[in-house]
Amino acid sequence: MITSSVDERDIYRGIVGFARAMDARDWAAIERIATPDATADLGTGLLGSRAEMIALMRSFLDDCGPTQHLVSNVLIDVDVEAGGDTAQSRAYVSDLHLGTGALAGLSFQTLGDYHDEWARVDGEWRMTHRTKTMRGTLGTQAVLGAGPEGYDASGPAADGGAAAGGSAVTEITNLLYRYAECMDSGRLDDAAELFRHATIRAGKRELDAAGILAVWRGTVRLHDDGTPRTKHVISNPILEIDEQEGRARARSYYTVLQATAGLPLQVIAAGRYHDEFERNGGAWRFSSRDYSMLDLTGDMRDHLRSGTS
């Protein structure tokens, strides 16, 4: 039937347009595709309107890096016998989310199905409901935004992601090492971003991420190549993890090596980090760091203007 073929084409364009709109963060395009009273279940519970649907997507995507939602295996059934003004569609979706800033190099991917309902409104096909069912996840949800208030992704989907992307031990030790990587490459902003949800104890002071970034900018010497010319070697990590509560502690050593035009390669500092972590949205993050345990110092003239490492 010709009319049905045209309808299927228009609905297919709506499915693809929705995916492209998410990746472009083009929320106005989604408003054109879904009706104002469209409902959805995207894995966090029933959403009662288009506005709630967009708010949920933005809570995950606004702070995420580049994304790509690929849809395939699309099946569309137009209810011709019921008048041809309603339809249902099913499509596979594979979506990839990349980390940004301090989380660059990390990713989160899901495999799932979109089950959508459609209605013809003023001659155009509009989405009236979407359900996403999950088949599997890969990577870490840390690359996503925090989600809606009160959201905790430590359920089955998050567990699947952790199994695919590594254990809690791997995720937590990666945070220790990623800090060192950011500092040694001169990416002070990215290093501070790792502590966005943490309190840092520096002597008698308690600092947030902005506070420690200000300290680093005022004390760490960046050389002509934009780096401090250091290597922070993190070793001897001892982890205590409470999976049920989603909390962990770590004790580790750090050894700082440096070589500059005026300083041959040598150890300039050694100390300890005592860190605490929390699981949020299925991913681990810093919740506190004791930054005051500098045990041994060498020649730090080319590293610090003042203060500690």
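Under the salt bridge (charged side-chain N to carboxylate O under 4.0 Å, His left out) criterion, Arg9 pairs with no residue at all, not counting sequence neighbours. Residues that satisfy the salt bridge (charged side-chain N to carboxylate O under 4.0 Å, His left out) test with Arg50, not counting sequence neighbours, are absent from this structure.
Two residues are said to be in side-chain contact when any heavy atoms from C-beta on lie closer than 4.5 Å; Asp208 and Thr199 fail this criterion. Proximity of Trp284 to Ile241: side-chain heavy atoms (C-beta onward) are separated by under 4.5 Å at one or more points.
Ring geometry for Phe286 versus Phe277: interplanar angle of 30 to 60°, hence tilted. The aromatic rings of Tyr179 and Trp216 lie tilted to each other, with the angle between the two planes from 30° to 60°.
In this model, a donor atom of one side chain and an acceptor atom of the other lie less than 3.5 Å apart for Ser94 and Gln109. Checking Gln88 against Asp79 by side-chain atom types alone, a donor-acceptor pair falls below 3.5 Å. Side-chain contact annotation: Thr230 with Asp184, donor-acceptor N/O pair under 3.5 Å present.
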(message) Using the rule given for side chain to side chain contact (heavy atoms under 4.5 Å, CB included), can you reason through Asp116 versus His129, listing the C-alpha separation, both sets of side-chain angles and the distance that settles it, and then say yes or no?
(response) CA-CA 6 Å; Asp116 300 329; His129 179 80; over 6 Å; no
(message) Set out, in order, the CA-CA distance, both residues' side-chain angles and the distance that settles side chain to side chain contact (heavy atoms under 4.5 Å, CB included) for Val74 and Ile15, then state yes or no.
(response) CA-CA 9 Å; Val74 180; Ile15 297 169; 3.8 Å; yes
(request) Let me see the working for Trp118 and Ser89 under side chain to side chain donor-acceptor pair (under 3.5 Å), right down to the final yes or no. (result) CA-CA 8 Å; Trp118 301 82; Ser89 64; 2.9 Å; yes
(message) One pair to check against side chain to side chain donor-acceptor pair (under 3.5 Å): Thr67 and His97. What are the steps and the verdict?
(response) CA-CA 5 Å; Thr67 60; His97 310 76; 5.8 Å; no
(message) Let's go through Thr110 and Lys132 carefully: what are the C-alpha distance in whole Å and the side-chain angles of both, what is the deciding distance for side chain to side chain donor-acceptor pair (under 3.5 Å) to 0.1 Å, and is it a yes or a no?
(response) CA-CA 11 Å; Thr110 78; Lys132 181 181 182 183; 3.0 Å; yes
(message) For Gln258 and Asp302: C-alpha separation, side-chain torsions, deciding distance, then whether side chain to side chain contact (heavy atoms under 4.5 Å, CB included) applies.
(response) CA-CA 8 Å; Gln258 186 180 40; Asp302 284 354; 3.8 Å; yes
(request) Please assess Leu257 against Val233 for the test side chain to side chain contact (heavy atoms under 4.5 Å, CB included), listing each intermediate value before the final yes or no. (result) CA-CA 8 Å; Leu257 297 92; Val233 180; 3.6 Å; yes
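Ion pairing between a basic and an acidic side chain is recognised when a charged N comes within 4.0 Å of a carboxylate O; Asp275 and Arg249 show no such pairing.
Remark: the backbone N or O of Arg289 is not paired with any side-chain donor or acceptor of Arg201 at under 3.5 angstrom.
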